[in-house]
2 protein chains.
Amino acid sequence: MATIHEVAQKAGVSAATVSRVINNRNTVSDKTRIRVEQAIHDLEYEPSVLGRNLRNSESRLLLVLIPSISNPFYSEIINGIEDTAIAQGYNILLCETDSNPDREAIYFNMIRNRLADGIISMDPTVNKEKLIELANTYPIVQCSEYEKDGSISFVTIDNELAAYQAVRHLIKLGQKKIALINSDEKFLYARERRQGYEKALREFGLPIKHEWIYITDQLGFQSGQQAMRVLLNLDDRPTAVFAVSDILAIGALKEININDLRVPQDIALVGFDKISFSNMTHPTLTTVAQPMYKMGCLSATMLINKIRGKRVDNIVMDHELIIREST
Amino acid sequence: MATIHEVAQKAGVSAATVSRVINNRNTVSDKTRIRVEQAIHDLEYEPSVLGRNLRNSESRLLLVLIPSISNPFYSEIINGIEDTAIAQGYNILLCETDSNPDREAIYFNMIRNRLADGIISMDPTVNKEKLIELANTYPIVQCSEYEKDGSISFVTIDNELAAYQAVRHLIKLGQKKIALINSDEKFLYARERRQGYEKALREFGLPIKHEWIYITDQLGFQSGQQAMRVLLNLDDRPTAVFAVSDILAIGALKEININDLRVPQDIALVGFDKISFSNMTHPTLTTVAQPMYKMGCLSATMLINKIRGKRVDNIVMDHELIIREST
DNA sequence: TTTCATCATGTAAACGATTACAATAATCCT
DNA sequence: AGGATTATTGTAATCGTTTACATGATGAAA
């Protein structure tokens with residue numbers, strides 16, 4: 001690969017002039033500009049990002065922290081982030097943390113090393129103290145999950161309201177015995193969605209029954225299936241279930257199917273996220289849609305603004321209840 | 001962030017000595033080593049990857065090209081790549097190409113720029129000429145999809161054999177009317193799996209019926225559903241289906257369910273990939289498992305060996321037919 | 001013609017590390 | 001003690017850019 005000096009030599013100018021041509025500095029005469037461009041073309045020269053970044057101390061790389069790429073919830077968000085970032089000349093580095101603090105530490109170091117210019121974190125299990133500390137010094141935004149104390153900028157939806165509306169939808173359909181399959185409540189979204197669930201029940205004078213709330217420790221299908229197994233074995237069996245993620249809902253659906261119960265006649269089911277699979281189940285799943293692509297775009301824009309030193313405001317986006325066959 | 005010079009000053013030595021301490025060069029006395037380490041600790045110094053890489057002209061970053069992160073097939077492979085890479089001191093950059101040549105070009109340039117040390121490509125729709133050309137100069141390996149001419153190192157499975165065994169399994173169950181839902185045959189795996197399908201039919205004296213082979217142009221659920229719709233409308237309807245991916249199979253299953261047909265009694269179904277969803281459908285899906293995690297590990301090892309200048313051999317891995325409820 | 005702007009280009013110093021080589025200090029051997 | 005090794009450290013060049021500053025050329029105004 002040619003360097004800037006070889007180009008300079010070939011064009012009969014100094015490296016500085018070549019650099020000016022590359023960066024569209026206006027102080028280059030048309031004559032030399034053309035000569036330089038010709039040389040760049042002939043040598044197939046590409047500026048070394050390493051050299052440039054060292055000098056400018058920026059890398060134009062954004063870190064995106066997610067717990068697991070296999071969770072389809074993140075796919076659309078990432079598309080949004082990627083499209084926006086590329087349009088602004090940034091590349092993104094997808095970092096799967098597996099909720100593993102060691103991995104996280106590696107990625108945190110990348111920003112200290114100047115190998116990345118900023119972080120978008122979607123990892124709810126992230127080491128909060130470290131992240132907040134890092135956010136004092138470096139540009140960081142959170143997407144979906146966020147810190148209540150406002151120490152880190154974020155893009156999210158109103159989880160409580162969304163859950164409230166989903167449960168209200170079930171109540172309006174005449175459901176009285178509504179269970180909740182929740183994630184670990186160390187996640188803010190889990191706590192908020194539970195609030196919404198309870199709020200809806202209270203508002204319509206329905207009891208909040210302890211045993212109708214199942215909290216999973218994992219996020220996979222199996223957890224949803226396991227949860228449903230427990231709920232179906234209750235003496236006073238619920239007739240509707242609100243699961244805080246489609247993945248959990250699909251696991252639950254599996255267990256319902258195994259027991260030869262019908263959805264929605266015997267058990268109505270609502271999920272959350274509108275992942276593409278939720279439309280492939282039989283029956284299709286009622287769910288809450290988040291504007292994932294848009295959230296991705298906005299997080300990226302927000303982060304890039306932060307990097308450029310602008311002030312940014314937190315964003316709470318709208319959601320939408322998608323009513324399908326399972327209710 | 002402190003630089004190496006500040007550390008040197010604080011420890012009362014030269015930057016060279018600090019560098020030697022960091023890189024475990026043995027030519028440093030214990031006395032100074034301890035002083036330097038103390039200074040590094042006090043200043044919370046982290047070496048700048050940018051500076052180091054510029055000097056060494058390496059970035060310790062690996063590019064992983066995938067068409068779409070939302071395809072769960074890639075998740076496990078990526079886990080394998082990531083674990084191996086991190087263990088060897090490399091980070092990976094997940095690049096979603098969306099099969100878009102412009103995006104691809106961006107990522108190809110990163111390796112020219114020295115921003116990445118190598119590429120693992122899993123993108124079958126990749127611009128082949130460019131990739132081959134790049135592979136002449138830079139370390140590149142292909143995982144899963146590969147070039148028949150052997151111009152690029154690869155890790156893969158024996159797609160033809162796997163398809164052959166899947167179809168033979170159906171035949172052994174007494175199936176005589178077996179359809180194929182295939183991907184676009186620009187993909188090598190699609191061509192190979194079709195070969196396996198036809199080979200099994202021929203071997204057992206079954207006819208290869210033109211209208212029982214449906215070729216999709218997309219890879220999503222919808223395509224599988226659409227394919228099944230067509231197959232079900234045939235006068236001479238097949239009683240078994242081999243789909244070349246679980247995603248297509250799940251789409252097909254959806255359509256079968258809609259038509260109130262039973263699996264496997266009315267239609268038997270085999271998928272490919274053993275994605276986690278394939279165990280959540282009702283009934284669960286018979287499928288072909290690829291050792292995805294292992295394939296990821298081996299690709300990463302292979303690439304790192306290439307980067308280090310070693311010769312590497314192509315690898316064909318074993319697969320396994322997973323028999324479940326759908327057959 | 002002289003004097004100033006203005007414009008185009010070159011020079012050289014960064015950026016933050018690594019490392020060949022040189023220089024010094026410590027140790028050993030006779 | 002004197003000379004030869006060896007261990008430790010420093011000096012300075014280098015990687016490939018960008019950019020403040022200096023320089024020289026050109027043209028306009030007086």
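Computed from a prediction, not measured in an experiment: that's the story for all the values here. Chain identifiers are assigned alphabetically (A, B, ...) following the order of the sequence lines, protein sequences preceding nucleic acid strands; residue numbering begins at 1 within each chain.
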Please give, in whole Å, the distance from [N] [atom2] to [X] [atom1]?
X         : N       : atom1 : atom2 : result
Gln9(B)   : dG10(D) : CD    : P     : 13 Å
Leu43(B)  : dG16(C) : CG    : C1'   : 15 Å
Arg112(A) : dG16(C) : CZ    : P     : 17 Å
Asp30(B)  : dA26(C) : CG    : P     : 16 Å
Arg35(A)  : dA8(C)  : CZ    : P     : 14 Å
Leu50(B)  : dT18(D) : CG    : C1'   : 14 Å

inquiry  = Side chains of Asp123(B) and Ser121(B) only: does a donor on one sit below 3.5 Å from an acceptor on the other?
reply    = no
query = With respect to the phosphate group of dC15(C), does any side-chain polar atom (N or O) of Ser48(B) fall under 4.0 Å of OP1 or OP2?
reply = no
ask   = Going by an N to O cut-off under 4.0 Å, is there a salt bridge joining Glu37(B) and Arg35(B)?
value = no
Touch check for [X], heavy atoms < 4.0 angstrom, all strands: base, sugar-phosphate only, or nothing?
X        : answer
Leu54(A) : base
Glu58(B) : nothing
Val13(B) : sugar-phosphate
Ser14(B) : base

Report all interatomic pairs (protein N or O, nucleotide N or O of nucleotides 18-20 of chain C) with separations under 3.5 Å.
from    : atom 1 : to       : atom 2 : distance (Å)
dT18(C) : OP1    : Asn23(B) : OD1    : 3.4
dT18(C) : OP1    : Asn23(B) : ND2    : 3.0
dT18(C) : OP1    : Arg52(B) : NE     : 3.0
dT18(C) : OP1    : Arg52(B) : NH2    : 3.3
dT18(C) : OP2    : Ser19(B) : OG     : 2.5
dT18(C) : OP2    : Asn23(B) : ND2    : 3.3
dT18(C) : O2     : Arg55(B) : NH1    : 2.5
dT19(C) : OP2    : Arg25(B) : NH2    : 2.9

ask   = Considering only heavy atoms from C-beta outward, does the side chain of Ile152(A) approach that of Tyr146(A) to under 4.5 Å?
value = no
Polar side-chain atom of [X] near backbone of [Y] as donor-acceptor pair, under 3.5 Å:
X         : Y         : value
Ser19(A)  : Ala15(A)  : no
Asn305(B) : Val312(B) : no
Arg25(B)  : Asn23(B)  : yes

task = Evaluate the criterion side-chain contact (heavy atoms from CB on, under 4.5 Å) for residue pair Ile111(A) and Leu134(A); output intermediate values, then yes/no.
result = CA-CA 9 Å; Ile111(A) 199 173; Leu134(A) 220 55; 3.9 Å; yes
task = Report the residue (Thr27(B) or Ser57(B)) whose heavy-atom-nearest nucleotide on DNA chain D is the more 5′ of the two.
result = Thr27(B)
